[in-house]
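Everything on this sheet refers to the single structure shown next.
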Amino acid sequence: MIKKIKGTNDIVENTYIWEWVEDKFKEVAKRFGFSEIRTPIFEATELFNRGVGKETDIVQKEMYTFEDKGGRSITLRPEGTAPVMRAFVEHSLASKGLPQKFFYLGPMFRYERPQAGRLRQFHQYGIELIGSSLPVADAYTILVAVEILKAVGLENFKLKINSTGCQKCRAGYKKALKEYYRPLLNNLCDDCKRRYDRNVLRLLDCKRDAEYAKSAPNILDYLCDDCKAHFNELKSLLDTLNIEYEVDPSIVRGLDYYTRTVFEIKYPSLGAQDAIIGGGRYDNLIEELGGAPTPSVGFAVGMERIMLALTSEGKLPSPRGVDLYVVTVGDEQRADALKISRELSKYMRVDIDLMGRKLKAQFSNASRENARYVLVIGEEEVKSGLYTLKRMSDRTQMKLSIDEVVMEIKGKRRLESFEQENTTFGS
RNA sequence: GUGGUUGUAGCUCAAUUGGUAGAGCGUCGGACUGUGGAUCCGGAUGUUGCGGGUUCGAUCCCCGCCAGCCACCCCA
């Protein structure tokens with residue numbers, strides 16, 4: 001048997017839940033003035049080297065990179081921001097006026113050891129607010145993130161924010177960090193020893209050496225006046241919105257493009273993979289990709305993790321069945337049933353027996369599919385043009401013309417000519 | 001990539017110191033000849049994850065691989 005590739009997933013019985021979540025997300029984003037952007041699933045490798053950063057784990061060890069037949073180095077997108085920014089630059093979208101607000105939704109690829117909530121092909125939903133450096137843009141972005149979680153019914157999440165400063169103040173902070181860690185170097189784990197030279201900031205979120213991080217210098221003490229003012233205003237805007245947050249100086253995030261604001265939303269009961277939303281500000285990214293300097297903010301939501309959170313909270317929607325299941329008494333009515341199904345499918349969701357089952361089995365099938373009504377077609381019905389319609393919830397039956405069937409099911413009005421039988425079968 | 005753990009029917013799980021598989025649920029059919037979720041009865045389905053090894057004999061022991069899960073790394 002050929003099986004799915006490690007770290008991938010078939011979404012088969014839960015597609016309706018995915019649709020529901022995706023619809024909520026799209027709806028919220030649109031309500032806040034964002035419109036959808038769709039970029040390719042693969043890009044030139046160089047985009048991520050430059051955009052995400054050569055020293056990040058994503059680029060170092062997690063990318064699905066291959067050479068195509070033309071000898072180009074191609075990479076399956078590991079995240080959504082760099083491609084959106086590439087498209088922004090490529091289509092000169094700045095000329096359409098700023099800000100530009102986009103949302104995206106789709107599969108991302110990272111070569112990692114799979115776990116619950118961590119797949120090699122996973123799905124992210126994200127938004128990008130391009131063009132504004134004001135703290136109100138950060139607040140707006142965080143607001144949308146929170147609204148999205150609320151829209152799907154999630155409440156037990158925690159927002160953590162931090163500022164990583166700009167290039168100016170970060171330089172001073174990095175220096176202070178190095179000084180702090182230098183005497184401790186021998187006690188650090190191997191990874192941290194490596195990080196010391198490559199990216200000192202990363203030392204802060206190491207779980208093994210978390211003790212040292214506690215008393216390390218705090219980035220917030222090193223922010224320049226502009227960055228400090230930016231961060232303070234963001235906090236006061238969040239306060240105004242009554243959005244609860246915790247300032248956590250250990251949040252540095254693994255992508256190199258972040259400047260100033262970074263934030264994470266965690267859902268603590270998920271275990272090790274508890275980050276359901278991650279985002280922040282990237283004021284240098286577009287310039288890095290060859291565009292004019294354009295500040296941006298955004299975030300990404302992990303769809304699989306949202307699903308896990310919804311499941312653990314029991315907030316899953318129930319599947320919607322068909323409105324009407326068409327049933328035939330004998331084989332002779334099959335053609336009529338087909339014609340009637342075609343007609344009624346113009347007005348409602350319809351299903352029909354395709355297995356040649358007996359009447360009883362057809363009814364079982366209708367209930368299993370949560371059909372609201374069953375339309376019985378037998379000899380009498382075909383002859384009279386009045387069909388037996390059964391409302392499954394209370395087993396009420398009535399004899400109706402096709403027009404009347406539509407009106408009953410669509411619930412528009414009740415006709416005088418309805419001939420209620422009120423018969424109940426079975427039980 | 002590192003460490004640990006698990007892998008039996010579609011699903012959840014059984015199988016006494018190694019003697020070559022069973023239950024519940026589901027599915028299909030019947031009791032019910034034009035009526036569903038209940039009840040009763042009956043049928044079907046497994047190369048016990050894959051490949052080797054030890055053994056007279058392996059679901060059980062050993063090795064390798066694959067996959068899931070947990071933690072690390074890191075992140076959504």
Side-chain angles (χ1 to χ4, degrees), chain A residues 1-9 12-13 52 56-62 78-81 105-126 145 189-192 194-195 199 202 205-210 251-255 264-267 270-279 299-309 321 325 327-330 332-333 355 357-381 388-397 421 423-427:
Chain A
M1 194 190 359
I2 298 173
K3 291 190 286 191
K4 62 183 159 59
I5 300 290
K6 176 179 187 155
T8 64
N9 233 177
V12 20
E13 287 180 316
V52 178
T56 61
D57 277 15
I58 291 180
V59 171
Q60 290 282 309
K61 51 183 197 186
E62 294 172 3
E79 58 102 49
T81 298
L105 178 56
M108 306 292 163
F109 305 83
R110 266 128 90 161
Y111 193 91
E112 292 190 277
R113 190 83 172 257
Q115 233 171 290
R118 165 177 295 169
L119 295 169
R120 289 185 174 180
Q121 174 175 334
F122 60 105
H123 297 80
Q124 279 187 342
Y125 169 94
C189 67
D190 290 347
D191 285 320
C192 284
R194 201 162 21 85
R195 293 187 192 116
N199 189 345
R202 212 60 57 71
D205 60 5
C206 176
K207 286 178 193 167
R208 255 176 287 178
D209 295 322
I251 293 178
V252 290
R253 309 204 43 77
L255 286 69
E264 280 182 7
I265 298 182
K266 297 200 172 203
Y267 195 82
L270 290 188
Q273 273 65 53
D274 64 349
I276 53 176
I277 291 186
F299 67 77
V301 188
M303 288 290 286
E304 281 78 5
R305 292 178 187 181
I306 292 287
M307 296 299 160
L308 291 174
Y325 197 97
V327 134
T328 53
V329 173
E332 310 75 40
Q333 292 91 36
M355 300 299 286
R357 291 198 169 97
K358 290 195 202 164
L359 189 65
K360 181 186 163 64
Q362 294 182 60
F363 264 91
S364 301
N365 215 252
S367 341
R368 187 174 44 197
E369 290 186 21
N370 281 314
R372 289 172 55 215
Y373 290 85
V374 169
L375 188 74
V376 182
I377 303 178
E379 221 176 317
E380 302 168 27
E381 283 84 355
T388 305
L389 183 70
K390 179 168 183 174
R391 193 194 293 135
M392 299 299 270
S393 57
D394 59 5
R395 298 172 184 243
T396 304
Q397 295 208 159
E421 278 191 329
T423 349
T424 351
F425 288 90
S427 80

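Numbered from 1 within each chain, the chains take letters A, B, ... in sequence-line order.
Taking atom C1' on both nucleotides, B:G26 is separated from B:G10 by 7 Å, rounded to a whole Å.
Counting non-hydrogen atoms under 4.0 angstrom, A:Glu112 reaches a base of the nucleic acid. Residue-level contact check: A:Gly330 touches neither bases nor backbone, having no heavy atom under 4.0 Å from any strand. Nucleic acid contact class of A:Gly7 (heavy atoms, under 4.0 Å, all strands): sugar-phosphate only. Using a 4.0 Å heavy-atom cutoff across all strands shown, A:Ala366 reaches no nucleic acid atom at all. Residue A:Lys6 is in sugar-phosphate contact alone, with no base atom involved, counting any heavy-atom pair closer than 4.0 Å across all strands shown.
In this structure, CG of A:Asp57 is placed 11 Å from P of B:C73, rounded to the nearest angstrom. Atom CZ in A:Phe122 sits about 8 Å away from atom P in B:A76, given to the nearest Å. Note: CZ (A:Arg120) to C1' (B:A76) measures 16 Å, nearest angstrom. In this structure, the NZ atom of A:Lys3 is 9 Å from the P atom of B:G68, given to the nearest Å.
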The dot-bracket string of RNA chain B, counting Watson-Crick and G-U wobble pairs with both distances under 3.5 Å, using [ ] for crossing pairs and | for pairs to another strand, is (((((((..((((.....[..)))).(((((.......))))).....(((((..]....))))))))))))....
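The base of B:G34 is paired with the side chain of A:Glu381 by a donor and an acceptor separated by under 3.5 Å. For B:U35, its base never sits under 3.5 Å from the side chain of A:Gln362 at any donor and acceptor pair. Counting atom types as modelled, A:Ser367 pairs a side-chain N or O with a base atom of B:G36 as donor and acceptor under 3.5 Å.
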Between protein and nucleotides 2-5 of chain B, what N or O pairs are separated by less than 3.5 Å?
unit_1 : atom_1 : unit_2   : atom_2 : d
B:U2   : O4     : A:Arg113 : NH1    : 2.6

Expected rows: protein N/O vs nucleotides 25-32 of chain B N/O, under 3.5 Å:
unit_1 : atom_1 : unit_2   : atom_2 : d
B:U27  : OP1    : A:Arg368 : NH1    : 2.8
B:C28  : OP1    : A:Arg357 : NH2    : 3.2
B:C28  : OP2    : A:Arg368 : NH1    : 3.4
B:G30  : OP1    : A:Lys358 : NZ     : 2.0

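The side chain of A:Pro114 has B:G68 as its nearest neighbour among B:G68, B:A76, B:U35. Distances from the side chain of A:Val329 to the nucleotides B:U35, B:G34, B:A76 place B:G34 closest.
Position along RNA chain B of the nearest nucleotide to A:Thr8 versus A:Arg305 favours A:Thr8 as the more 5'-ward residue. Residue-to-nucleotide proximity on RNA chain B shows that, of A:Lys61 and A:Ile377, the 5′-proximal contact is made by A:Ile377.
A close approach under 4.0 Å does occur between a side-chain nitrogen or oxygen of A:Gln115 and OP1 or OP2 of B:A71.
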| task | Check the pair A:Val376, A:Lys390 against side-chain contact (heavy atoms from CB on, under 4.5 Å), reporting the backbone distance first and the verdict last. | result | CA-CA 8 Å; A:Val376 182; A:Lys390 179 168 183 174; 5.5 Å; no
